[in-house]
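Counting starts at 1 for both ligands and their atoms, in listed order.
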Amino acid sequence: MTIEFRRAIFLASVPRTELAPPDEGAEVAFAGRSNAGKSSALNAITEQASLARTSKTPGRTQQINFFDLGQKRRLVDLPGFGYAKVPHRIKAQWQHHLSDYLHVRRSLRGLILVMDCRHPLTGYDQQMLNWCRDVGLSVHILLTKADKLKRGPAGNSLLAVRKRLPAFHPDAKAQLFSALKKTGIDEARQVLNNWLCHC
Ligand code: GDP
């Protein structure tokens, strides 16, 4: 079975896990600090200009968005926080919902963690990696906006991240990605396919 990522369609937007679509089949979640490039990565992988909203309205970022790939397969856009200027109480609430989602979702096969390759492994990223490690969830990192760096520095950023990763998650993987230049898309799709189809 291969996934037709281009066929992704919006399924549901929910504020809490208990309101999510049925927990059946398989899904992969995308996470990333606000502005890291998560929506652009989702749009590039699905070849859809506006599947995930790239706008920064705080109301939207609190929702967990589900996209249907058919055959009970889904992509999930998790709220990104860390950059948005929101009160501490609200931020703590989002963190609670995120952690809850990672803990209870049985169909969750892996997490794609999107980081700006120029500012990787922020506090948000480290927390996500630790949560995933604690629940035994696989993580694949997209070091995006790779087009902003020359080949040498981009490669160095990848190596530096790979070197530091074991401190946060024992077997997380990382790759370079650019939604703008459309690089790294096949590599990312391969990971998604493996997670969604071999379960
Ligand atoms: P999100 O908040 O993580 O969903 O981030 P967005 O996808 O909305 O992207 C944030 C900003 O980074 C936007 O201005 C995008 O145009 C820009 N951006 C995202 N991906 C890339 C990329 O691969 N290359 C470049 N140069 N800019 C990007």
Side-chain angles (χ1 to χ4, degrees), residues 5-6 8-15 27-67 74-87 90-91 93-95 97-99 101-102 110-129 131-132 139-158 160-161 172-192:
F5 291 100
R6 274 178 298 187
I9 52 165
F10 177 77
L11 184 61
S13 189
V14 306
E27 66 192 29
V28 172
F30 281 62
R33 190 174 189 262
S34 304
N35 217 40
K38 172 171 55 81
S39 309
S40 304
L42 264 163
N43 291 343
I45 287 167
T46 58
E47 289 177 52
Q48 296 189 33
S50 56
L51 186 75
R53 299 281 169 85
T54 50
S55 76
K56 292 285 96 59
T57 40
R60 273 201 71 86
T61 54
Q62 289 185 52
Q63 306 278 325
I64 302 176
N65 296 307
F66 291 82
F67 302 101
R74 294 172 300 277
L75 296 179
V76 184
D77 187 3
L78 296 176
F81 54 86
Y83 173 83
K85 286 186 178 56
V86 293
I90 304 286
K91 210 175 260 189
Q93 212 172 58
W94 293 0
Q95 284 175 312
H97 292 325
L98 259 184
S99 157
Y101 167 80
L102 294 176
L111 183 97
I112 298 283
L113 185 53
V114 181
M115 304 177 194
D116 185 325
C117 68
R118 299 163 301 170
H119 315 287
L121 293 171
T122 61
Y124 169 94
D125 301 325
Q126 296 180 17
Q127 183 172 50
M128 290 304 293
L129 284 162
W131 279 344
C132 291
V139 177
H140 185 77
I141 294 169
L142 302 183
L143 290 172
T144 193
K145 309 192 192 182
D147 57 277
K148 296 259 193 190
L149 295 177
K150 291 203 165 69
R151 191 183 290 260
N156 288 341
S157 166
L158 177 61
V161 166
K173 303 276 189 294
Q175 66 158 97
L176 290 169
F177 189 91
S178 166
L180 186 76
K181 297 284 183 200
K182 309 268 183 278
T183 54
I185 292 178
D186 286 344
E187 197 178 342
R189 281 187 181 151
Q190 191 88 50
V191 173
L192 291 170

Residue [X] vicinity, atoms of ligand 1 by number, heavy atom under 4.0 Å:
X: Gly37; value: 1 (P), 3 (O), 5 (O), 6 (P), 7 (O), 9 (O), 19 (C)
X: Ser178; value: 23 (O)
X: Lys148; value: 26 (N)
X: Thr144; value: 23 (O)

Take atom CZ in Arg6; do more than 12 heavy atoms of anything else shown fall under 6.0 Å from it? no

Asp77 bridged to Lys38 by N-O distance under 4.0 Å: yes

Looking only at heavy atoms, is any part of Asn35 under 4.0 Å from ligand 1, and if so is it the side chain, the backbone, or both, or is it neither?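 The answer is both.
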
Check the side chains of Ser40 and Asn43 for a donor-acceptor pair under 3.5 angstrom, ignoring hydrogens and angles. no

Below 4.5 Å, heavy atoms only, C-beta onward: do Glu27 and Leu75 meet side chain to side chain?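 The answer is no; the side chains never approach within 4.5 Å.
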
What pairs with Ala174 under side-chain contact (heavy atoms from CB on, under 4.5 Å), at least two apart in sequence or on another chain?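 With sequence neighbours excluded, Ala174 shows a side-chain contact (heavy atoms from CB on, under 4.5 Å) to Ile141, Leu158, Val161, Arg162, Leu165, given in chain and number order.
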
Flag [X] as yes when one of its N or O atoms lies below 3.5 Å from any N or O atom of ligand 1, and as no otherwise.
X: Ala36; answer: yes
X: Ser34; answer: no
X: Ala41; answer: no

Which pairs count as side chain to side chain donor-acceptor pair (under 3.5 Å) when at least one residue sits in residues 172-188, sequence neighbours excluded? His140-Gln175, Asp147-Ser178

